[in-house]
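One structure below.
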Amino acid sequence: MRKDVRILLVGEPKVGKTSLIMSLVSEEFPDEVPLRAEEITIPADVTPERVPTHIVDYSEAEQSEEQLYQEISKANVICIVYSVNNKKSIEKVTSHWIPLINDRTDKDSRVPLILVGNKSDLVEHSSMETILPIMNQYQDIETCVECSAKNLKNISELFYYAQKAVLHPTGPLYCPEEKELKPSCIKALTRIFKVSDLDNDGILNDNELNFFQRTCFNTPLAPQALEDVKNVVRRNMADGVKDNGLTLKGFLFLHTLFIQRGRHETTWTVLRRFGYDDDLELTQEYLFPLIKIPPDCTTELNHNAYLFLQSIFDKHDKDRDCALSPEELKDLFKVFPYMPWGPDVNNTVCTNEQGWITYQGYLSQWTLTTYLDVQRSLEYLGYLGYSIIYEHESQAAAITVTRNKRIDLQKKQTQRSVFRCNVLGAQGSGKSGFLQAFLGKNLQRQQRIREDHKSLYAINTTYVYGQEKYLLLHEVMPDFDFLSEADLACDCGVPGV
Ligand SMILES: Nc1nc2c(ncn2[C@@H]2O[C@H](COP(=O)(O)OP(=O)(O)OP(=O)(O)O)[C@@H](O)[C@H]2O)c(=O)[nH]1
């Protein structure tokens with residue numbers, strides 16, 4: 001969410017820019033105004049969207065072109081003011097102001113524009129007939145409003161729309177020409193749907209909808225409201241509601257409707273809650289929360305994280321064979337922007353006879369990633385929506401940072417559950433075979449492993465005094481001169497296999 005909003009008012013001389021600002025601030029029409037109002041800052045607590053808002057005036061008589069360009073580049077939203085009783089000031093909107101602003105702003109990060117027709121007290125008719133075609137022609141125009149600084153009509157609304165255009169912009173979400181959601185918005189909402197579809201049946205049932213509602217808006221929907229939402233979808237499309245739940249199509253339709261009715265903030269609230277920024281990318285804070293790992297400590301998944309991963313496995317193991325077929329695995333990773341596991345994973349963890357990753361193998365791979373590269377693990381948990389489903393502040397709540405290894409050794413006691421063992425030995429001494437045998441793969445199966453699918457790691461569970469622990473074997477290349485710090489940082493070694 002933005003920290004502040006900067007609104008710039010531009011337009012032809014004498015259309016009433018300064019008067020609009022003064023009317024907003026003093027809540028009365030000023031008889032006399034300066035050429036240009038001083039920049040004002042409205043504190044967060046008196047703005048509708050609770051963000052500090054700066055309002056900046058422009059005066060051709062007082063400012064140079066260079067100063068105007070500077071202000072344009074600093075603005076988050078620009079109000080182009082015209083006077084409804086002055087045709088020339090309306091013409092100038094398209095002949096002068098829009099091209100001037102477009103020339104000075106980056107095509108990919110255009111500022112939203114608002115067309116403001118002032119002095120509505122002076123005319124009987126509306127300027128909308130002239131303005132609507134302009135709105136259809138220029139995508140950057142967020143909205144238009146007619147107002148009067150003189151009788152204070154629509155003044156606070158104007159500044160509210162301006163704030164809203166910055167905080168909840170239409171641009172990234174919706175294409176007004178096509179009257180449909182933009183592809184990146186569909187992608188984000190589809191991920192949100194999949195994360196919220198806890199049983200993975202392609203339908204959000206009442207429980208899932210309520211959970212979603214509570215997560216995003218802090219309140220569940222009343223039963224009648226839930227029915228009303230579904231009825232709106234039913235009335236508009238045939239397959240938006242199925243088995244009394246919302247399908248992806250229905251879910252996307254609802255968001256299209258929110259936007260078309262000017263309730264962008266609803267869709268933005270959902271997107272932000274699920275970690276998206278203004279460009280519909282997952283934020284760095286969401287994917288990579290800060291986590292401190294002191295030296296000699298390792299990282300493991302905690303009990304809650306395993307429960308979560310278990311539920312993710314269950315929801316994708318459709319045939320209940322305790323293994324993920326390639327299709328099931330693909331489906332599991334659909335909420336990721338890329339496929340995180342390559343074919344080497346099948347040779348790093350336990351698989352079934354078909355070579356598919358078993359439940360145990362799946363948890364082992366997560367354990368391995370968390371041990372070797374905790375940032376990656378946090379990122380993956382983020383794609384799966386861990387912190388949202390478990391209502392934690394961040395993905396970091398899934399991680400246990402273990403005690404310093406030296407203290408463990410001193411006390412001869414450890415809480416750790418993952419232990420790393422380096423396997424050393426000359427080329428051809430059978431290290432790979434040793435690793436594969438640890439995964440229960442016999443020589444016949446080992447021979448079928450393609451060279452480029454081989455892994456230098458093998459991880460599996462073992463029992464120590466009745467407790468389940470993970471043992472991670474790492475095959476180290478024979479040239480000892482090149483052993484890295486990480487290669488040496490093991491709990492035990494198996495030399496000369
Ligand atoms: N009737 C009417 N007059 C208005 C309204 N708003 C502004 N005016 C009058 O229009 C004239 C110009 O107003 P300004 O606020 O100075 O306009 P501006 O756009 O800031 O002008 P520049 O500083 O030249 O750019 C003044 O005489 C205002 O009193 C309005 O809503 N209705």
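Just so you know, residue 1 is the first one in the sequence shown, and it goes up from there. Just so you know, ligand 1 is whichever comes first in the structure, and atom 1 is the first atom listed for that ligand.
Nearest protein neighbour of atom 10 (O) of ligand 1, counting heavy atoms only, is Lys119 NZ, 3.1 Å. Shortest contact from atom 17 (O) of ligand 1 to any protein heavy atom: Gly16 N, 3.0 Å. At the top of the distance list for atom 25 (O) of ligand 1, counting protein heavy atoms only, stands Lys17 NZ, 2.8 Å. Closest to atom 6 (N) of ligand 1, if we only count protein heavy atoms, is Asn118 ND2, 3.1 Å. Among protein heavy atoms, the minimum distance from atom 31 (O) of ligand 1 is reached at Ala149 N, 2.8 Å. Nearest protein heavy-atom contact of atom 15 (O) of ligand 1 is Ser19 OG, 2.5 Å. Among all protein heavy atoms, the one lying closest to atom 20 (O) of ligand 1 is Thr18 OG1, 2.6 Å.
Ring centers of Phe251 and Phe212: under 6.0 Å apart, within the cut-off. Aromatic pair His303/Tyr306: ring centres not closer than 6.0 Å.
Nearest heavy-atom pair, Leu282 versus Arg191, reported as atom, atom and distance to 0.1 Å: CD2-NH1, 3.6 Å.
Looking at Asp57 against ligand 1, nothing comes within 4.0 Å, counting heavy atoms. Looking at Val33 against ligand 1, only its side chain comes within 4.0 Å, counting heavy atoms. Looking at Asp121 against ligand 1, only its side chain comes within 4.0 Å, counting heavy atoms.
Ligand 1 places these atoms under 4.0 Å from at least one heavy atom of Ser148: 31 (O). Residue-ligand proximity, Leu35 to ligand 1, at heavy-atom distances under 4.0 Å covers atoms 23 (O).
Side chains of Arg263 and Thr266 form a contact here, defined as non-hydrogen atoms less than 4.5 Å apart.
Taking the charged nitrogens against the carboxylate oxygens, Glu157 and Lys164 have no contact shorter than 4.0 Å, which rules out a salt bridge.
Not a single heavy atom of Ala61 sits closer than 4.0 Å to an atom of ligand 1. Put simply, part of Lys14 is less than 4.0 Å from ligand 1, judged by heavy atoms.
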Take Asp4 and Val51 through the test side-chain contact (heavy atoms from CB on, under 4.5 Å) and record every step on the way to the result. CA-CA 5 Å; Asp4 56 3; Val51 275; 5.6 Å; no

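Every side-chain contact (heavy atoms from CB on, under 4.5 Å) that Thr299 has, sequence neighbours left out, goes to Ile293, Thr370, Val374, Ile399, Val401. Residues passing the ring pair (Phe, Tyr, Trp, His ring centres under 6.0 Å) test with Tyr390, sequence neighbours excluded: Phe308, Tyr386.
Shown here is Lys153, whose NZ atom has no more than 12 heavy atoms of other residues, nucleotides or ligands within 6.0 Å. Around the NZ atom of Lys74, the shell of radius 6.0 Å holds more than 12 heavy atoms that belong to other residues, nucleotides or ligands. Remark: Glu208 CD is packed, more than 12 non-hydrogen atoms of other residues, nucleotides or ligands lying under 6.0 Å away.
Here's the thing with Leu122: none of its N/O atoms is less than 3.5 angstrom from an N/O atom of ligand 1. Taking distance alone, with nitrogen or oxygen atoms compared against 3.5 Å, Phe29 stays at or beyond that limit from ligand 1. Not a single N or O atom of Glu60, backbone or side chain, sits closer than 3.5 Å to an N or O atom of ligand 1. Between Pro34 and ligand 1, a contact under 3.5 Å exists for no N or O pair.
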